[in-house]
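If you read the sequence from its start, that first residue is 1, and numbering goes on from there.
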Amino acid sequence: MYTSVVRLQNVFGFFTTVAFVVAAFIAASDFLTERAPIVRTLKTTSVQVVRGRPHYYSSKKEEYAVINFSLDADLSSLFTWNTKQVFVYVTAEWPAADHAKTNATNEAVIWDTIITSPSADHLANIGPVAMKKLRKSAGGKSIDPNRGKLSFKNQRHKYKITHPSGKLAMTDNVTLRLHYNVQPWVGLLTWDQDVDYGYWKALKNGVSKRFKLPAIKEKKLASAGTR
């Protein structure tokens, strides 16, 4: 009745039960930690619409937009001892052509980054020199909230904006929006929220002022006449 196999199964079952309970407590502890992310500045610094091939694999020319921006945000409250990394990205959003009927919105990512906690630095996809600087910046701390403080001036875009119609010039009511995704060591993935949930506060000032995409810049034709 009490063979070695049965005893091993009992020990393994007890171990997995304890591990599950501990993991549940760890995941639940996040809900008792205050989150109050805030954006102080999010604005465009350069907006341009160009006609051409947005990617090397594009088969035809089309209109695409490039947007540079400035960002000052404090996401340090998202980092706890259970935080593995935080995925941060900025999108450009504008109403679809049939927005009045469907309430649909166009959305395109223009920039993103992954901020690791010191305990997850080994997962960062960077070179050895950058890795050494990253680990040194934490100063041996298991939690470094300063990593959640973002300050960029005239940040260059990572991705160009395109549209299936191939038309973007003079698009109105465009906004930039900051998003984040918290990835814990144990627990559920959480995204930026629009309303407060207990100790978790909604992201403040995460949307820029509305702006309009400019017209395509016409190339100046060289004078055909010669003296």
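- Linking ILVMFWY side-chain heavy atoms closer than 4.5 Å, directly or via other members, places Val109 and Trp191 in a single hydrophobic cluster.
- Across Ser77 and Ala36, no two heavy atoms sit closer than the pair OG-N, 2.9 Å.
- Put simply, Phe211 and Leu71 are part of the same group of oily side chains (I, L, V, M, F, W, Y) that touch within less than 4.5 Å, one to the next.
- The side-chain contact (heavy atoms from CB on, under 4.5 Å) check on Ala28 picks up nothing, with sequence neighbours excluded.
- Under the 3.5 Å distance criterion, the side-chain polar atoms of Ser76 are left unmatched by any main-chain donor or acceptor of Gly148.
- Remark: the backbone N or O of Ile38 is not paired with any side-chain donor or acceptor of Asn205 at under 3.5 angstrom.
- Both Leu178 and Phe152 belong to a single network of hydrophobic side chains, linked directly or stepwise wherever heavy atoms of I, L, V, M, F, W or Y lie under 4.5 Å apart.
- No side-chain donor-acceptor contact under 3.5 Å links Ser58 to the backbone of Arg53.
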Test log, rule side chain to side chain contact (heavy atoms under 4.5 Å, CB included), inputs Ile115 and Leu150
CA-CA 10 Å; Ile115 309 173; Leu150 307 176; 3.7 Å; yes

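- Atom NZ of Lys158 has more than 12 neighbouring heavy atoms from other residues, nucleotides or ligands inside a 6.0 Å radius.
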Taking it one step at a time, do Asp30 and Thr190 satisfy side chain to side chain contact (heavy atoms under 4.5 Å, CB included)?
CA-CA 11 Å; Asp30 277 346; Thr190 54; over 6 Å; no

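- For Val18, the side-chain contact (heavy atoms from CB on, under 4.5 Å) partners two or more places apart in sequence, or in a different chain, are Phe14, Val22.
- Remark: Ala24 pairs with no residue by the side-chain contact (heavy atoms from CB on, under 4.5 Å) rule, at least two apart or across chains.
- To the nearest 0.5 angstrom, Lys209 atom NZ is 12.0 Å from Leu42 atom CG.
- Contact annotation: the side chain of Leu189 approaches that of Pro184 to within less than 4.5 Å [non-hydrogen atoms, C-beta and beyond].
- Nearest heavy-atom pair, Arg147 versus Ser117, reported as atom, atom and distance to 0.1 Å: NH1-C, 3.6 Å.
- Other residues, nucleotides and ligands place no more than 12 heavy atoms under 6.0 Å from the CG atom of Asp194.
- At distances below 3.5 Å, at least one donor-acceptor pair connects side-chain atoms of Asp196 with backbone N or O atoms of Ala202.
- The two residues Arg156 and Trp111 make their nearest non-hydrogen contact at O-CD1, 3.9 Å.
- Closest heavy-atom contact between His163 and Glu62: O-OE1, 3.7 Å.
- A single hydrophobic cluster is not seen to contain both Phe87 and Phe69; linkage of ILVMFWY side chains at heavy-atom distances under 4.5 Å, directly or through other members, places them apart.
- Between Lys43 atom NZ and Lys153 atom NZ the span is 9.0 Å, to the nearest 0.5 Å.
- Using modelled atom types and a 3.5 Å distance limit, the side chains of Tyr89 and Asn181 yield no donor-acceptor pair.
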Test side chain to side chain contact (heavy atoms under 4.5 Å, CB included) on Leu176 and Thr44 and set out the steps.
CA-CA 8 Å; Leu176 297 183; Thr44 62; 3.6 Å; yes

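- Contact of the Thr33 side chain with the Tyr199 side chain is not registered, since no non-hydrogen atoms from C-beta on lie closer than 4.5 Å.
- Applying the side-chain contact (heavy atoms from CB on, under 4.5 Å) test to Asp192 and every residue at least two apart in sequence or in another chain returns His179, Tyr180.
- With sequence neighbours left out, the side chain to side chain donor-acceptor pair (under 3.5 Å) criterion links Arg177 to Glu93.
- Annotation: side chain of Gln155 is not in contact with side chain of Val90 (no heavy-atom distance under 4.5 Å).
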Criterion side chain to side chain contact (heavy atoms under 4.5 Å, CB included) on Lys84 and Trp185, from CA distance to verdict:
CA-CA 5 Å; Lys84 179 181 179 182; Trp185 286 106; 4.0 Å; yes

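- Residue Val47 forms a side chain to side chain contact (heavy atoms under 4.5 Å, CB included) with just one option from Val66, Asn68, Leu213, Val174, and that option is Leu213.
- In terms of hydrophobic clustering, with Ile, Leu, Val, Met, Phe, Trp and Tyr side chains grouped at heavy-atom distances under 4.5 Å, Leu203 and Trp200 are assigned to different clusters.
- Put simply, CD1 on Ile161 and OH on Tyr64 are 12.5 Å apart, with the number rounded to the nearest 0.5 Å.
- Asn106 is linked by a side chain to side chain donor-acceptor pair (under 3.5 Å) to nothing, counting only residues two or more places apart in sequence or in another chain.
- Considering CD of Glu34 and NZ of Lys201, their distance stands at 6.5 Å, rounded to 0.5 Å.
- Ser70 contributes atom OG, which lies 6.0 Å from atom CG of Asn154 (distance to the nearest 0.5 angstrom).
- To the nearest 0.5 Å, atoms CD (Gln48) and CD1 (Ile216) are separated by 10.5 Å.
- In terms of heavy-atom proximity, Leu168 sits nearest to Ala65 at CD1-N, 3.8 Å.
- Within the 3.5 Å criterion, the main-chain N or O of Ala169 finds a donor-acceptor partner in the side chain of Glu63.
- Counting non-hydrogen atoms of neighbouring residues, nucleotides and ligands closer than 6.0 angstrom, the CG atom of Leu188 reaches no more than 12 such neighbours.
- Closest heavy-atom contact between Gly206 and Val39: CA-CG2, 4.0 Å.
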